Each structure stands twice: as structure tokens, then as C-alpha cells.
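In what follows, a structure is listed as C-alpha cells, so that the remarks can point back to it.
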Amino acid sequence: MNTIDCIKERRTIRRFTEQPVEREVIEKIIDAASMAPSWKNTQITRYIVVEDKELKDKIATECCPDYNEKNILSAPVLVATTIVKKRSGYERDGSYSTTKESGWEMYDCGVAGQTFSLAAWELGVGSVIMGIYDYEKVSELLQVPEGQEIVALIAIGYPSEIPQAPKKKTVADLVTYR
């Protein structure tokens with residue numbers, strides 16, 4: 001599949017089969033995601049892969065609203081993306097490089113998350129990126145290392161259904177030329 005087709009065909013998947021996602025496949029996805037660009041090549045995104053069903057289900061039921069709970073319970077694997085703090089968007093002396101301040105951390109992790117999802121799709125694995133959950137409790141349950149911060153949860157698995165594409169804005173709605 002070429003890149004543009006992958007981008008256009010990828011869907012957010014919220015219902016998965018019970019088939020496990022093999023570690024080899026997960027590592028191929030993360031390897032591809034590691035190629036995502038980042039601020040001054042800081043490569044701050046990290047991945048915590050939750051294969052343990054009890055832990056995954058505990059995060060779903062105790063840390064997430066109903067709609068995200070269902071996504072996670074349906075998926076065989078949950079991936080938490082974290083960032084290494086105070087690198088992206090910072091100078092060596094700890095000052096911010098731009099007025100965007102620490103916003104570059106989220107930007108870099110978002111680019112890596114989308115690259116992760118596209119690589120997964122290419123390998124037949126569906127994903128849904130989620131940002132609404134109890135950050136503190138999930139961080140505690142996953143034992144997020146000191147100096148890192150959790151950003152998003154990504155439920156992954158083999159799709160049990162592929163939804164229709166949602167309506168998208170036209171290029172004319174999105175672009176302004178000066």
C-alpha cells in the first residue's frame with residue numbers, strides 16, 4: 001500500500017477480534033513510529049505495551065469514561081504513549097526555544113502516534129487513539145518512569161469491522177494562500 005492510500009484508507013477502529021497482536025508485529029509498528037520526525041531529533045516518545053488482560057481491563061474500567069472503556073475492553077492490547085519531559089522545545093540550558101514552550105512535546109508525541117497508527121494499519125492492525133482518562137491513576141498503574149509523562153492511550157488489535165470514512169472538509173475549506 002502506498003502512503004497516500006494508507007492515510008486515506010486508515011480508520012479509527014473501536015471493535016477488535018480476540019486475535020492477539022504478536023510482539024513481532026508490535027515491534028515493527030514501534031520501529032516504524034520511531035522514524036517520525038521530532039524537535040531537533042529528540043525522539044521523546046516512549047511506548048508502554050499492556051498485554052496483561054487484567055491490567056488492561058483495570059485501566060479500562062477504573063480510569064476511563066464508558067466510550068473509552070469499551071474501546072479498551074474490546075482490544076487485545078493497549079499501548080500508552082509517554083514523553084520524556086523537558087527535551088522537545090527546550091534549549092540545553094532548560095529554557096524554551098519558542099513561545100510554544102512545552103507544546104512541542106505534545107506535538108512530537110502526536111506525530112509519533114499518527115505514524116504508529118499508520119504503520120499499524122499497513123500491517124492489518126487497527127487502532128484508536130484516546131486522550132480522555134484518569135492520567136494520574138493510569139500513570140500509577142503503568143508505573144510510568146520518573147521524568148516521563150503519559151500522553152495518550154492507543155487500543156490496538158485486528159479489526160472486527162471497518163467503519164465508513166467520516167465526512168472530511170474539502171481542501172478549499174482547509175487552505176488559505178497569501
Side-chain angles (χ1 to χ4, degrees), residues 1-38 43-84 105-145 148-166:
M1 175 181 316
N2 71 50
T3 305
I4 291 178
D5 287 343
C6 187
I7 292 166
K8 289 183 174 188
E9 293 174 15
R10 186 209 164 264
R11 298 288 175 268
T12 295
I13 302 298
R14 292 183 173 86
R15 290 180 185 22
F16 304 91
T17 68
E18 292 180 14
Q19 178 183 350
V21 181
E22 304 80 4
R23 282 189 178 183
E24 178 182 326
V25 172
I26 294 168
E27 290 174 7
K28 280 183 181 180
I29 294 167
I30 292 172
D31 181 56
S34 76
M35 301 305 292
S38 62
Q43 303 176 53
I44 62 165
T45 304
R46 301 293 185 270
Y47 304 88
I48 300 172
V49 179
V50 182
E51 298 173 304
D52 179 86
K53 184 174 175 14
E54 283 184 36
L55 177 57
K56 179 184 71 69
D57 291 355
K58 184 173 186 165
I59 290 168
T61 58
E62 295 182 15
C63 304
C64 297
D66 288 346
Y67 45 89
N68 283 342
E69 176 183 350
K70 290 175 187 173
N71 294 334
I72 296 169
L73 290 175
S74 173
V77 178
L78 180 65
V79 178
T81 58
T82 70
I83 54 165
V84 177
E105 295 171 333
M106 296 298 144
Y107 185 84
D108 282 356
C109 194
V111 171
Q114 177 64 1
T115 305
F116 179 101
S117 292
L118 289 169
W121 191 256
E122 169 74 20
L123 296 172
V125 176
S127 62
V128 55
I129 301 173
M130 299 165 286
I132 301 175
Y133 54 89
D134 183 329
Y135 290 82
E136 288 181 23
K137 190 161 188 178
V138 172
S139 295
E140 181 182 311
L141 288 171
L142 294 180
Q143 302 172 353
V144 173
Q148 290 185 31
E149 178 182 334
I150 192 163
V151 175
L153 299 176
I154 307 174
I156 66 169
Y158 294 98
S160 66
E161 61 183 42
I162 299 175
Q164 293 291 332

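Computed from a predicted model, the values in this text were never measured in an experiment.
Partners of Gln148 under the side chain to side chain donor-acceptor pair (under 3.5 Å) rule, at least two apart in sequence or in another chain, are Thr82.
A pairwise comparison of heavy atoms in Arg46 and Gln43 identifies NH1-O, 2.6 Å as the closest pair. Contact between Glu22 and Tyr158 at its shortest, heavy atoms only, is OE1-OH, 2.9 Å. Looking at every heavy atom in both residues, Phe16 comes nearest to Gly126 through CE2-O, 3.6 Å. For the residue pair Arg11 and Gln164, the shortest heavy atom distance occurs at NE-C, 3.7 Å. Between Gly124 and Pro159, the closest heavy-atom pair is O-CD, 3.4 Å. Nearest approach of Tyr47 to Val79, heavy atoms of both residues: CD2-CG1, 4.0 Å.
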Donor-acceptor pairs under 3.5 Å, side chain of residues 23-31 to any protein atom, not counting sequence neighbours: which ones?
| residue | atom | partner | partner atom | Å |
| --- | --- | --- | --- | --- |
| Arg23 | NE | Glu51 | OE1 | 2.9 |
| Arg23 | NE | Glu51 | OE2 | 3.2 |
| Arg23 | NH2 | Glu51 | OE1 | 2.6 |

Side chains of residues 107-115: which donor-acceptor partners sit under 3.5 Å, not counting sequence neighbours?
| residue | atom | partner | partner atom | Å |
| --- | --- | --- | --- | --- |
| Asp108 | OD1 | Trp39 | N | 3.4 |
| Asp108 | OD2 | Trp39 | N | 2.8 |
| Asp108 | OD2 | Ser88 | OG | 2.6 |
| Thr115 | OG1 | Val111 | O | 2.8 |

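Rounding to the nearest 0.5 Å places OG of Ser74 at 9.0 Å from CD of Glu18. Distance check, rounded to the nearest 0.5 Å: OG1 of Thr61 to CD1 of Ile72 gives 9.5 Å. Rounding to the nearest 0.5 Å gives a distance of 10.0 Å between OG1 of Thr45 and CD of Glu105. Considering CD of Glu161 and OG1 of Thr17, their distance stands at 12.0 Å, rounded to 0.5 Å. The CG atom of Leu78 sits 7.5 Å away from atom NZ of Lys56, with the distance rounded to the nearest 0.5 Å. With rounding to the nearest 0.5 angstrom, the CG atom of Leu153 is 8.0 Å from the OH atom of Tyr135.
The neighbour count for Glu140 CD, taken as heavy atoms of other residues, nucleotides or ligands under 6.0 Å away, does not exceed 12.
Proximity of Ile150 to Tyr133: side-chain heavy atoms (C-beta onward) are separated by under 4.5 Å at one or more points. Residues Thr12 and Val128 meet the side-chain proximity criterion, which asks for heavy atoms closer than 4.5 Å. Residues Met130 and Cys64 are not in side-chain contact: their nearest non-hydrogen atoms beyond the backbone lie 4.5 Å or more apart.
Judged by distance alone, with hydrogens and angles left aside, the side-chain atoms of Ser127 form no donor-acceptor pair with the main-chain N or O of Ile154 at under 3.5 Å. Under a 3.5 Å cut-off, the side chain of Arg15 and the backbone N or O of Ile13 do not form any donor-acceptor pair. For Thr81 (side chain) and Val151 (main-chain N/O), no donor-acceptor pair under 3.5 Å exists by modelled atom type. A donor-acceptor pair is defined here as one N or O able to donate and one able to accept, closer than 3.5 Å; such a pair exists between the side chain of Asn68 and the backbone of Ile132.
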